[in-house]
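Atoms within a ligand are numbered from 1 in the order they appear, just like the ligands themselves.
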Amino acid sequence: MSGARKVHIKSFGCQMNVYDSHRMADTLASEGFIETATPDDADLVILNTCHIREKAAEKIYSELGRIRVMKQEAARDGRHLMIAVAGCVAQAEGGEILRRAPAVDLVVGPQSYHRLPDLLARVARGEAVIDTEFPVEDKFDHLKAPSREATRARGVSAFVTVQEGCDKFCTFCVVPYTRGAEVSRPVAKIVAEVERLADAGVREVSLIGQNVNAFHGEGPDGRAWTLGRLLHRIAEVPGIARLRYTTSHPCDVEDSLIAAHRGLDALMPYLHLPVQSGSDRILDAMNRRHTRVDYLDVIARIRNAQPAIAFSSDFIVGFPGETEDDFRATLSLVDEVGFAGAFSFKYSPRPGTPAADMAGQLSEDVKTERLHQLQALLDTHQKAFNAGCVGQSFDVLFEKAARHPGQIVGRSPYLQPVHVMAPPSIIGTVCRVTVTEASANSLFGELDAAPMQHGEPMMAEAGG
Ligand code: 5AD
Ligand code: SF4
């Protein structure tokens, strides 16, 4: 397809940005754009940005510096390179981006992606365009679905946004401002999307939302459905072998979700449940709306329903006013729960959030020291969890050829990469594997039985 315009989309931050980038690519495909893996030959570069922490936003400005040079070089060759900034930095900074990086042509917030074709048409007429509105129309009704080929190229595991935005207003977090109020998609539309994905070979679906377990989308019966009910419905879609969901808030873990963990085989026994801190004082200052005991109680209830479950979490160290005692409470909570994995961050003041103006901001040194301590502890738990997998048998969904010749890599129920020596025909299938070796981040194993030729294998090179 010579002559087709090319778009390069670079995603930063969370899984929702990955999903949004795909949907932008799908929408632009119907405008004649094809995706390119590098910005070098692109006519349009979109940076899909993240604003959750300081470094994430600063990265965008340095990236924009590099792309500006590419734009100048393209202009020397008589080509016009359009630059768009999407995502949460676009939403939060708006016109400031055009002032700091005048090479940018378009600033588009997360709720306006369905307007991209129109916005780009305005850019082509020479306008610098900013669209950071929260439009009344539902973008999901207007964004285009992926082609079968695009879905297959993206692999056997797919994200589906079921909920967006957040009403929790944790005092450190920009999400309620950049993604807006909580909105759930209707069940029928989610099911239709999952059916299309399954039809193109997807075997695992991760339902995503900033506060996914607050899901309350309208069901076919006209009532608000819970996430637990939605999971049961999606498990009925032929071809879908595995379900996950992320990210959850401890306060919204309700009974139907716990029931899903008890009874729904397709639901993987791995839950990302951010706690942020183990200190009640800090949890209160963060406006997390739950105590340490509430969190431990939720963990106990889910473990009771599904003893095989493992947990991961997010932590913030150095929140304003955090004392040594508060920090030690976080360390002791880590020991008490024993997380299989975790993300941990130094508190970063986000403009416009309440915590940014709180007294008791801590020095960078204190934050760094606490982060190191916490990460060392989390690492020992992760290593212990991985080591405990040796000798166990798991179902593994095989995703792609590994870097090592002859090896195929998939994911365990606990999201650990699992490497086996096997033919590429197992890609796209779930096979039983006995784990023989564990490293800090991944597992190695052997197939329990010779691979069966069921299912349609996906492309071996998907994702490289
Ligand atoms: N500073 C540091 N970490 C943050 N997170 C969100 N906001 C901030 C902030 N201002 C972390 C939280 C959240 C994860 C996605 O990012 O741990 O769960
Ligand atoms: Fe941010 Fe999550 Fe708190 Fe919502 S619940 S404000 S997304 S940290």
Notebook entry, point to check: Is Asp325 salt-bridged to Arg328, going by a charged N under 4.0 Å from an acidic O?
Noted result: yes
Notebook entry, point to check: Are Asp252 and Lys168 close enough for a salt bridge, meaning some N to O gap below 4.0 Å?
Noted result: yes
Margin query: Which residue and atom name correspond to the protein heavy atom nearest atom 14 (C) of ligand 1, and how close is it?
Written below: Asp314 OD2, 3.4 Å
Check: Does a side chain donor of either Arg350 or Thr178 reach within less than 3.5 Å of an acceptor in the other side chain?
Finding: no
Margin query: Suppose we measure from atom 4 (C) of ligand 1 to each protein heavy atom; which comes out shortest, and what is that distance?
Written below: Ile316 CD1, 3.6 Å
Checklist line | Nearest neighbour of atom 12 (C) of ligand 1 from the list His249, Glu54, Lys367, Gln276, on a heavy-atom basis | finding: Gln276
Checklist line | Nitrogen or oxygen atoms of Phe315 and ligand 1 under 3.5 Å apart | finding: no
Item checked: Residue Cys170 vicinity, atoms of ligand 2 by number, heavy atom under 4.0 Å -> 3 (Fe), 5 (S), 6 (S), 8 (S)
Check: Closest non-hydrogen protein atom to atom 1 (N) of ligand 1, residue and atom name please, with distance?
Finding: Ser348 N, 2.9 Å
Notebook entry, point to check: Taking only heavy atoms of His249, which atoms of ligand 2 are found under 4.0 Å from at least one of them?
Noted result: 5 (S)
Notebook entry, point to check: Against heavy atoms of Lys168, which atoms of ligand 2 measure under 4.0 Å?
Noted result: 4 (Fe), 5 (S)
Next item on the list: Indicate yes or no: does Arg179 engage Asp20 in a salt bridge with an N to O separation below 4.0 Å.
Entry: yes
Checklist line | atom 1 (Fe) of ligand 2: the protein heavy-atom neighbour that sits closest, reported with distance to 0.1 Å | finding: Cys173 SG, 2.3 Å
Next item on the list: Run the salt-bridge test on Arg301 and Asp255 with the 4.0 Å N-O cut-off and return the result as yes or no.
Entry: yes
Checklist line | atom 16 (O) of ligand 1: nearest protein contact (heavy atom, Å) | finding: Arg53 NH1, 2.8 Å
Item checked: Distance filter under 4.0 Å to Arg350 heavy atoms, resulting ligand 1 atoms -> 10 (N)
Notebook entry, point to check: Any donor-acceptor pair under 3.5 Å linking the side chain of Asn17 with the backbone of Phe12?
Noted result: yes
Notebook entry, point to check: Taking heavy atoms and a distance under 4.0 Å, where does Phe345 meet ligand 1: side chain, backbone, both or neither?
Noted result: side chain
Check: Between the side chains of Thr323 and Asp326, does any donor sit under 3.5 Å from an acceptor?
Finding: yes
Margin query: Just to confirm my output: which protein heavy-atom neighbour is closest to atom 7 (N) of ligand 1, and how far is it?
Written below: Phe172 CD1, 3.3 Å
Item checked: Minimum-distance protein heavy atom relative to atom 6 (C) of ligand 1 -> Ile52 CG1, 3.4 Å
Check: Ion pair present between Lys189 and Asp141, side-chain N to carboxylate O less than 4.0 angstrom?
Finding: yes
Check: Any side-chain heavy atom of Arg196 sitting closer than 4.5 Å to one from Val202?
Finding: no
Checklist line | The one among Pro274, Pro176, Cys166, Ala214 that brings a heavy atom closest to atom 4 (Fe) of ligand 2 | finding: Cys166
Checklist line | Per-atom contacts, ligand 2 versus Phe169 - under 4.0 Å to a heavy atom | finding: 6 (S)
Notebook entry, point to check: Would Arg179 count as a contact of ligand 2 if the rule is a heavy atom under 4.0 Å away?
Noted result: no
Check: What atoms of ligand 2 come closer than 4.0 angstrom to any heavy atom of Phe172?
Finding: 8 (S)
Notebook entry, point to check: Does a salt bridge link Glu58 with Arg100, judged by any charged N lying under 4.0 Å from a carboxylate O?
Noted result: yes
Notebook entry, point to check: Is it true that Arg66 and Glu63 make a salt bridge, defined as a side-chain N closer than 4.0 Å to a carboxylate O?
Noted result: yes
Check: Looking at ligand 1, does Lys346 have a heavy atom less than 4.0 Å from it?
Finding: yes
Notebook entry, point to check: Taking 4.0 angstrom as the limit, do Arg281 and Glu322 come out as a salt bridge?
Noted result: no
Next item on the list: Could you say whether the N/O atoms of Tyr347 and ligand 1 ever approach to under 3.5 Å?
Entry: no
